[in-house]
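Given the structure is predicted, the values throughout are model-derived calculations rather than measurements.
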Amino acid sequence: MSRHWSECVRRLTPYVPGEQPRRAGLVKLNTNESPYPPSPAVRAAILAEMGEDGAALRLYPDPQAGALREAIAAREGVAPEEVFVGNGSDEVLAFAFQGLLAQAQPLRFPDVTYSFYPSWCRLYGIRFEAVPLAGDFSLRVDDYAGAGPVILPNPNAPTGRAIGRAEVARLLEAHADSAVVVDEAYVEFGAESAAPLIASHDNLLVVRTLSKSHALAGLRVGYALGQAPLIEALVRVKDSFNSYPLDRLALAGAVAALRDEAWFAKSRDAVIATRERLSRELAALGFEVLPSQANFLFARHPAREGAVLAHALREGGIVVRHFALPRIEQWLRITVGTDAQCDALLAAARAILEDRR
């Protein structure tokens with residue numbers, strides 16, 4: 001701590017991202033990246049954007065990200081002015097916290113959820129209320145009754161559970177005078193998107209990322225969908241912070257990824273099929289596994305402490321995510337990898353459970 005720190009910095013509890021291991025040979029199932037490479041069109045687009053001598057990199061990117069916004073709008077069935085893009089969905093969400101969710105009433109979100117939410121609240125001085133999930137970690141819309149803004153991930157993280165579009169509509173109607181942000185980082189893996197509700201609800205902002213669904217975590221591309229006045233709020237925050245959040249290569253690669261729908265569908269379907277198999281096989285080993293509509297599973301084993309199991313798996317070459325937090329300290333979040341990676345996880349778990357020492 002320095003005597004030069006601001007009061008804001010002194011009170012922060014920063015978000016802790018998942019580990020990016022440096023040890024070679026580990027099976028990395030801890031940060032929900034895609035186990036498959038992006039479309040080959042991404043590489044081609046990036047190389048084309050650079051050109052033979054890379055001269056394009058001397059120029060700033062399009063501050064409006066016009067081509068990318070048009071590609072997203074075409075895919076999602078909205079107008080380009082109803083699309084905002086940013087440096088990963090984390091930046092988009094941070095702008096939403098500043099531009100839409102900092103209100104007189106407390107912001108509400110689930111008590112077990114994306115742990116960046118309370119970090120942003122503390123950074124921006126936003127009062128918040130964590131609403132308990134049900135005992136089975138399902139989200140109950142009726143628990144959010146009352147005025148004030150709401151943010152929730154759908155599917156939720158780290159549980160993987162989702163609610164249907166009709167439930168989101170009920171939430172929107174109950175909070176008609178407040179912004180509701182639905183964080184759909186994992187929606188492509190089986191949940192219902194709230195995006196079709198945008199036309200009839202001026203308080204809805206849907207936030208997405210290309211990190212998981214399109215295997216672009218390394219490019220950092222996120223976006224938001226909403227009626228134009230909500231998008232304008234995000235643009236005003238962006239242009240007061242950084243006019244160029246996405247570089248030329250990220251813009252080119254993202255457009256190419258979105259246009260290759262066949263590649264996306266093939267990768268998504270493979271992840272879903274492996275998720276269902278992994279869930280069944282973990283259950284056969286005695287794990288309790290929550291139903292998931294994301295690209296990860298949330299599981300615990302009654303015979304092993306969560307932290308101990310996570311450590312033992314790492315010793316066996318498998319990295320999963322463990323959260324030392326109330327209600328979920330016995331659970332592990334396991335990214336769905338390739339079939340071979342999941343087989344390695346199952347073999348390591350089986351060996352640990354068979355070791356009675």
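For an aromatic pair to be called close, the ring centres must be under 6.0 Å apart, and Y114 with Y117 satisfies this. Under the 6.0 Å cut-off for aromatic ring centres, F109 and F128 qualify, their centroids lying closer than that. Checked against a 6.0 Å centroid threshold, the rings of F95 and F241 count as neighbours. Between F97 and Y124, the ring centre distance reaches or exceeds 6.0 Å.
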**Trace of the salt bridge (Lys or Arg N to Asp or Glu O under 4.0 Å) decision for R350 with D355** = CA-CA 9 Å; R350 189 175 296 107; D355 185 356; over 6 Å; no
**Request:** Let me see the working for L100 and L230 under side-chain contact (heavy atoms from CB on, under 4.5 Å), right down to the final yes or no.
**Result:** CA-CA 8 Å; L100 300 172; L230 294 190; 3.8 Å; yes
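A donor atom on one side chain and an acceptor atom on the other are not found under 3.5 Å apart for S89 and R208. No hydrogens or angles considered: nothing links the side chains of T209 and K212 as a donor-acceptor pair under 3.5 Å.
In this structure, R268 fails the cation-pi test against Y36, since its NZ or CZ atom is not both closer than 6.0 Å to the six-membered ring centre and inside 45 degrees of the ring normal. Note that R333 lies in the cation-pi zone of F296, set by a 6.0 Å cut-off to the ring centre and a 45° limit from the axis.
The two residues A194 and E184 make their nearest non-hydrogen contact at N-OE2, 2.6 Å. Closest non-hydrogen pair, D136 versus L290, comes out as O-CD2, 4.1 Å. In this structure, A250 and L246 approach most closely via the heavy-atom pair CB-CD2, 4.3 Å.
For the pair R108 (side chain) and Y144 (backbone), a donor-acceptor distance under 3.5 Å is present. No donor-acceptor pair under 3.5 Å is formed between the side chain of N295 and the backbone N or O of T335. In this structure, the side chain of E329 engages the main chain of R327 through a donor-acceptor pair within 3.5 Å. Judged purely by atom type and a 3.5 angstrom limit, N203 uses its side chain to pair as donor or acceptor with the backbone of L172. The closest donor-acceptor contact from the side chain of R300 to the backbone of Q330 lies at 3.5 Å or more, if one exists at all. Not a single donor-acceptor pair under 3.5 Å links the side chain of R236 to the backbone N or O of I231.
Salt bridge present: R75 and E188 bring a charged side-chain N and a carboxylate O closer than 4.0 Å.
Using the six-membered ring where Trp is involved, F116 and W120 have ring planes that are parallel, under 30° apart on the 30 and 60° scheme.
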